[in-house]
Trainee: 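The structure under discussion is supplied below as structure tokens; questions concerning it will follow.
Bear in mind the structure is a predicted one, so any value in this text is a computation, not a measurement. The analysis underlying the following values was restricted to heavy atoms, covering all of them including side chains, and did not include hydrogens, waters or symmetry mates.
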Amino acid sequence: MTRTLARPLGRLRLGVNIDHVATIRNARGGAHPEPLRAARAAVAAGADGITAHLREDRRHIADADIEGLTALLRDLGVPLNFEMAATDEMQAIALRHRPHAVCIVPERREERTTEGGLEVAREENRLAHFIAPLAEAGCRVSIFIAADERQIEAAARIGAPVVELHTGAYCDAHNEGRFAERDAELDRLRRCAAFAHGLGLEVHAGHGLAYETTPPVAAFPEVMELNIGHYLVGEAIFTGLDSAIRRMREVMDRARREAFGEGAA
Ligand code: PXP
């Protein structure tokens with residue numbers, strides 16, 4: 001059985017996903033609100049990185065956004081986490097921009113958001129070949145997967161240094177009041193974070209996280225990074241992006257302090 005660590009591995013990073021700033025912009029087809037302005041504001045509010053998903057159908061982030069974000073974040077010295085499907089088109093774009101990080105996600109046109117994790121175990125060979133040039137280009141490759149030991153083992157076998165655990169099922173169960181299922185999902189995430197760390201993988205988590213659902217995940221000592229978007233952009237409507245991000249940072253830090261004592265945040 002894998003044991004969780006007694007102390008966090010390091011400071012928990014917050015990656016702010018700005019996809020839905022582009023969703024709002026695209027609703028009118030103009031330039032406002034600008035994802036680049038959101039990225040600048042997120043960094044000023046304490047984001048450790050910016051995450052953006054260029055989907056095949058370009059429903060939110062566009063190619064020009066990735067170009068602009070690459071230049072802006074390089075200037076600011078802040079990492080860009082480029083989320084993409086494992087397609088030749090996206091690989092070529094990633095190799096052109098060489099972002100700090102690439103997160104490989106499953107993508108289906110008909111889905112509203114990224115619904116599950118990547119089926120790494122079923123596509124090991126193809127994915128191993130797919131990520132090799134990205135790693136050679138200096139991108140830190142992470143694989144977005146469900147909390148499932150089989151997928152974690154497969155991610156390690158294909159040579160990915162990082163896995164991001166999909167927290168969507170846990171958040172949905174919480175939001176819908178299915179608390180026994182929520183707790184079971186949380187246990188699964190906790191076990192899988194420890195398991196992945198035991199295999200030498202860096203562990204990230206994300207999808208659907210909000211102020212209420214973030215603390216238990218932030219308290220997993222193996223988790224090094226959370227990627228959060230939709231909720232923060234939604235909260236920004238009421239409190240502003242700066243305040244929403246600062247509050248999320250406080251929520252994360254408090255969770256670490258409460259779990260591991262002062263100095264753990
Ligand atoms: N991590 C990954 C891999 C994602 O695909 C997404 C959504 O694009 C997120 C994190 C952020 O999810 P949310 O927008 O629900 O916070």
Side-chain angles (χ1 to χ4, degrees), residues 13-85 87 89-94 96-115 139 144 164 166-168 171 175 206-211 214 225-249:
R13 297 189 299 268
L14 171 59
V16 173
N17 180 317
I18 57 167
D19 291 351
H20 297 300
V21 176
T23 302
I24 299 170
R25 174 197 60 192
N26 295 358
R28 283 295 169 94
H32 183 80
E34 289 175 349
L36 255 62
R37 184 174 164 199
R40 230 180 269 116
V43 170
D48 299 293
I50 298 296
T51 295
H53 183 179
L54 184 66
R55 293 186 77 104
E56 184 197 10
D57 62 9
R58 310 303 200 263
R59 68 176 70 163
H60 38 57
I61 293 292
D63 297 66
D65 296 324
I66 294 297
E67 219 158 281
L69 283 170
T70 302
L72 172 71
L73 297 176
R74 204 160 274 156
D75 280 355
L76 295 176
V78 171
L80 170 64
N81 178 27
F82 178 53
E83 281 184 17
M84 55 176 246
T87 65
E89 182 201 15
M90 289 301 151
Q91 189 192 53
I93 293 170
R96 199 162 63 242
H97 294 301
R98 296 172 180 242
H100 167 84
V102 166
C103 181
I104 311 294
V105 302
E107 211 176 280
R108 289 186 302 123
R109 252 176 192 269
E110 65 278 16
E111 70 191 354
R112 222 181 297 167
T113 180
T114 311
E115 275 168 2
C139 303
F144 190 46
E164 178 162 332
H166 198 311
T167 51
C171 294
N175 296 337
H207 209 280
L209 292 170
Y211 298 144
T214 294
E225 180 174 309
L226 299 180
N227 284 299
I228 308 179
H230 181 265
Y231 184 78
L232 290 173
V233 173
E235 275 299 289
I237 292 169
F238 304 108
T239 67
L241 192 57
D242 184 86
S243 158
I245 292 170
R246 286 181 197 278
R247 180 155 170 215
M248 186 58 82
R249 180 75 250 172

Trainee: Is it the case that the side chain of N26 and the backbone of R59 share a donor-acceptor pair, with hydrogens and angles ignored and the cut-off at 3.5 Å?
Mentor: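 Flag set: sc N26 to bb R59 pair under 3.5 Å.
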Trainee: Closer than 3.5 angstrom, by distance alone: can the side chain of E107 be matched with the main-chain N or O of E56 as a donor-acceptor pair?
Mentor: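 Checking the backbone N and O of E56 against the side chain of E107, a donor-acceptor pair under 3.5 Å is found.
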Trainee: Closest heavy-atom contact between A47 and I245?
Mentor: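 Heavy atoms only, the tightest pair is N-CG2, 4.3 Å.
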Trainee: Can you list the steps and then say if L232 with E235 is a side-chain contact (heavy atoms from CB on, under 4.5 Å)?
Mentor: CA-CA 5 Å; L232 290 173; E235 275 299 289; 5.6 Å; no
Trainee: Nearest 0.5 Å, please: how far is CZ in R108 from CG in D57?
Mentor: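 So the CG of D57 and the CZ of R108 are separated by 12.5 Å.
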Trainee: Output the distance between atom NE2 (H230) and atom SG (C171), rounded to the nearest 0.5 Å.
Mentor: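 Those atoms lie 12.5 Å apart.
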Trainee: Taking atom OG1 of T70 and atom CD1 of I93, what is their separation to the nearest 0.5 Å?
Mentor: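 So the OG1 of T70 and the CD1 of I93 are separated by 10.5 Å.
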Trainee: Which heavy atom of A94 sits nearest a heavy atom of V102, and at what distance?
Mentor: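 Smallest interatomic distance, heavy atoms only, reads CB-CG2, 4.2 Å.
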Trainee: Atom CG of D65 and atom NE2 of H53: how far apart are they, to the nearest 0.5 Å?
Mentor: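 Reported to 0.5 Å precision, the distance equals 13.5 Å.
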Trainee: Closest approach of A244 and T239, non-hydrogen atoms and distance?
Mentor: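 Shortest heavy-atom separation between A244 and T239 comes out as N-OG1, 3.8 Å.
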Trainee: Should Y231 and L209 count as side-chain neighbours, where that means a heavy-atom distance under 4.5 Å?
Mentor: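 They are not in contact (no side-chain heavy atoms under 4.5 Å apart), so the answer is no.
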Trainee: When rounded to the nearest 0.5 angstrom, what distance separates CG in L226 from CZ in R249?
Mentor: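 Between L226 CG and R249 CZ, I get 8.5 Å after rounding to 0.5 Å.
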Trainee: Are I18 and L69 side-chain neighbours, meaning at least one heavy-atom pair lies under 4.5 Å?
Mentor: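 Heavy-atom side-chain distance check passes, below 4.5 Å.
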Trainee: How far apart are the C-alpha atoms of N17 and N227, what are their side-chain angles, what is the distance that settles it, and do they pass the side-chain contact (heavy atoms from CB on, under 4.5 Å) test?
Mentor: CA-CA 6 Å; N17 180 317; N227 284 299; 5.6 Å; no
Trainee: Taking only residues two or more places apart in sequence, or in another chain, which ones meet E67 in a side chain to side chain contact (heavy atoms under 4.5 Å, CB included)?
Mentor: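 H97.
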Trainee: List the steps and the verdict of side-chain contact (heavy atoms from CB on, under 4.5 Å) for V16 and T51.
Mentor: CA-CA 6 Å; V16 173; T51 295; over 6 Å; no
Trainee: Quick one: closest heavy-atom pair of I61 and A22, and the distance?
Mentor: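 Shortest heavy-atom separation between I61 and A22 comes out as N-CB, 3.8 Å.
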Trainee: Are V105 and M84 packed together at the side-chain level, in the sense that at least one heavy-atom pair is separated by less than 4.5 angstrom?
Mentor: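 No; the side chains remain at least 4.5 Å from each other.
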Trainee: Is the ring pair F144/H166 parallel, tilted or perpendicular, if the boundaries are 30 and 60 degrees?
Mentor: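 Parallel: the ring planes of F144 and H166 meet at under 30°.
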Trainee: Show your reasoning for whether side-chain contact (heavy atoms from CB on, under 4.5 Å) applies to H100 and L73.
Mentor: CA-CA 10 Å; H100 167 84; L73 297 176; over 6 Å; no
Trainee: Any carboxylate oxygen within less than 4.0 angstrom of a Lys/Arg side-chain nitrogen, looking at R58 and E89?
Mentor: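 The answer is yes: the pair qualifies as a salt bridge.
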Trainee: Please confirm whether the backbone N or O of H60 pairs with a side-chain atom of R25, one donor and one acceptor, at under 3.5 Å?
Mentor: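 Yes, the answer is positive, given that a donor and an acceptor are paired below the 3.5 Å cut-off.
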Trainee: Between D63 and R96 (salt bridge meaning N to carboxylate O under 4.0 Å), is one present in this structure?
Mentor: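 Looking at R96 together with D63, the answer is no, because their closest N to O distance does not fall below 4.0 Å.
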Trainee: In the structure I gave you, are the side-chain heavy atoms of R40 and L72 within less than 4.5 Å of one another anywhere?
Mentor: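 Touching, per the 4.5 Å side-chain cut-off.
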Trainee: More than 12 heavy atoms of other residues, nucleotides or ligands under 6.0 Å from CZ of R13: yes or no?
Mentor: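 Counting other residues, nucleotides and ligands, CZ of R13 exceeds 12 neighbours.
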Trainee: I need the minimum non-hydrogen distance between A210 and T214, along with the two atoms involved.
Mentor: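 Distance-wise, the nearest heavy atoms are O-OG1, 2.7 Å.
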Trainee: Could you tell me whether the side chain of T23 reaches within less than 4.5 Å of the side chain of V233, counting heavy atoms only?
Mentor: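 No, side chains not in contact.
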Trainee: Specify the closest pair of heavy atoms between V21 and A38, including all atoms of both residues, with the distance to one decimal.
Mentor: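 Minimum heavy-atom contact is CG2-CB, 3.7 Å.
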Trainee: Nearest 0.5 Å, what's the NE2-CD distance between H207 and E164?
Mentor: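 Between atom NE2 of H207 and atom CD of E164 there are 9.5 Å.
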